[in-house]
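Worksheet for the structure shown next.
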Amino acid sequence: MIIESKNFNLKQIADSGQCFRMNQISDNTYGLIALDRYIELEQVSEDVINITCNEGDYKQIWKNYFDLDYDYGRIVDKLLEGPDEFLRKAASYGSGIRILRQDPFEMLISFIISQNKNIPSIKACIERICETYGNKMEDDISGKVYYTFPGPDILAEAKKEDLRRLKLGYRDEYIIAASRAVVLGHIDLGALMLASHQESVNTLKSIRGIGDKVANCISLFGLHHIEAFPIDVWMRRVLEEFYENEFDVDQFQGYAGIVQQYMFYYVRHLYGVG
DNA sequence: CGCCAGGATACCC
DNA sequence: GGGTATCATGGC
């Protein structure tokens, strides 16, 4: 299935730190496990992507997953025309980033794991969880064998010692408690998607192991609250070194999370990571 | 060996 | 409110 879209760059999305199961296969090709499925995507040219799926799945699933109805060019242009040199460079460098509409529970667990870890380590932990607790699948088209991300019911029943063997460290009990909160209905991720960003952050922070940064990541990447603005060590570095801690988030009200992604992706490039 | 990673928490003042 | 030791693990 050939798709034409501006501001859609596979490498930039795969390396933007928002998704942990999208990996490079060859020069312009990426494999993605999401929503219990596996697809391969090829960057044919700047505005052309080829996805291994039929038109029905594209319209029903992947068009929404990659947020293809949203005009990221409008945000990029606004930054390119603005007075802020760092943002001009960041928007230019990451103009193909889109905020994916990922599964909320997968994001909840993934970003609990993410605390005090680097991205390769987060990916490895998530794969071990999927191999242990997910369903084994085989993709018809590519023949790829993969494992789905387990649901809250499965992880709520996981044993702490078993999780600890997956090298999750002290986060094991956070994962079990968060999964139980979802199963018991103490946390309603569907409702949080409709709630205000502030309300969803406050609710998520009531879970042990979720602080301000992780709550903002879950809101941005799992609930699609694009006004969320997660501040991790990289963002702290940007705000300190390029803005002397006087960055005004409010000038991007309603879409600060998109701006944040450009900043995050660009500063890591400046430091030679990702 | 020490330091760092898309941090959070308990405890201190 | 702000500082800090600690948490488990891997990579450098």
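Numbers restart at 1 for each chain; the letters A, B, ... are given by sequence-line order, proteins then strands. Heavy atoms only: backbone and side chains are in, while hydrogens, waters and symmetry mates are out. Bear in mind that the values here come from a model prediction, so they are computed numbers and not experimental data.
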Assess the side chains of [X] and [Y]: does a donor N or O sit below 3.5 Å from an acceptor N or O?
| X | Y | value |
| --- | --- | --- |
| A/Asp248 | A/Tyr243 | no |
| A/Asp139 | A/Ser142 | yes |
| A/Ser16 | A/Gln18 | yes |

Closest heavy-atom contact between A/Ala178 and A/Ile112? CB-CD1, 3.7 Å

Using a strict cut-off of less than 4.0 Å between a Lys/Arg side-chain nitrogen and an Asp/Glu carboxylate oxygen, indicate whether [X] and [Y] qualify as a salt bridge.
| X | Y | value |
| --- | --- | --- |
| A/Arg165 | A/Asp162 | yes |
| A/Arg164 | A/Asp172 | yes |
| A/Glu127 | A/Arg21 | yes |
| A/Asp67 | A/Arg101 | yes |

Examine A/Tyr170 and A/Ile176 and state if one hydrophobic cluster contains both, with Ile, Leu, Val, Met, Phe, Trp and Tyr joined whenever side-chain heavy atoms are less than 4.5 Å apart. yes

More 5' along DNA chain B: A/Tyr174 or A/Ile119, using each one's nearest nucleotide? A/Ile119

With the threshold set at under 4.0 Å for non-hydrogen atoms, list the residues of [range] touching DNA chain B in residue-number order.
| range | result |
| --- | --- |
| residues 97-114 of chain A | A/Ser114 |
| residues 221-249 of chain A | A/Phe221, A/Pro230, A/Asp232, A/Val233, A/Trp234, A/Met235, A/Arg237 |
| residues 202-213 of chain A | A/Ile207, A/Arg208, A/Gly209, A/Ile210, A/Gly211, A/Asp212, A/Lys213 |

Name the pairs: protein N/O against N/O of nucleotides 1-3 of chain C, kept only if under 3.5 Å.
none

For residues 228-240 of chain A, which side-chain donor-acceptor pairs fall under 3.5 Å, sequence neighbours excluded?
| unit_1 | atom_1 | unit_2 | atom_2 | d |
| --- | --- | --- | --- | --- |
| A/Asp232 | OD1 | A/Trp234 | N | 3.4 |
| A/Asp232 | OD1 | A/Met235 | N | 3.0 |
| A/Asp232 | OD2 | A/Trp234 | N | 3.4 |

With sequence neighbours excluded, what pairs up with [X] under the side chain to side chain donor-acceptor pair (under 3.5 Å) test?
| X | result |
| --- | --- |
| A/Ser110 | none |
| A/Ser95 | none |
| A/Lys144 | none |

Is there any protein nitrogen or oxygen under 3.5 Å from a nitrogen or oxygen in nucleotides 8-12 of chain C, and what are the pairs?
| unit_1 | atom_1 | unit_2 | atom_2 | d |
| --- | --- | --- | --- | --- |
| C/dA8 | O4' | A/Tyr170 | N | 3.0 |
| C/dA8 | N6 | A/Asn116 | ND2 | 3.0 |
| C/dA8 | N1 | A/Asn116 | ND2 | 3.2 |

Gap in Å between the two P atoms, one belonging to C/dT4 and one to B/dC3, rounded: 15 Å

Between B/dG6 and C/dA5, how far apart are the P atoms? Round to whole Å, please. 23 Å

Would you mind classifying the nucleic acid contact of A/Gln261 as base, sugar-phosphate or nothing, using non-hydrogen atoms under 4.0 angstrom? base

Which residue, A/Tyr72, A/Phe8, A/Tyr58, forms the ring-ring contact (aromatic ring centres under 6.0 Å, His included) with A/Phe66? A/Phe8

Please identify the 5'-most and 3'-most nucleotides of DNA chain B with any atom under 4.0 angstrom from a heavy atom of chain A. B/dA5 to B/dA10

Kindly state each residue pair satisfying ring pair (Phe, Tyr, Trp, His ring centres under 6.0 Å) with at least one member in residues 87-134 of chain A, sequence neighbours excluded. A/Phe20-A/Phe111, A/Tyr93-A/Tyr265, A/Tyr93-A/Tyr266, A/Tyr93-A/His269, A/Phe111-A/Phe221

Got a sec: does the CD of A/Gln24 have more than 12 other heavy atoms crowding it under 6.0 Å? yes

If only atom types and distance count, is the side chain of A/His225 paired as donor or acceptor with the main-chain N or O of A/Met193 below 3.5 Å? yes

Donor-acceptor pairs are to be reported for all side-chain atoms of residues 25-38 of chain A against protein atoms at under 3.5 Å, with residues two or more places apart or in another chain.
| unit_1 | atom_1 | unit_2 | atom_2 | d |
| --- | --- | --- | --- | --- |
| A/Ser26 | OG | A/Thr29 | OG1 | 3.1 |
| A/Tyr38 | OH | A/Glu40 | OE2 | 2.7 |

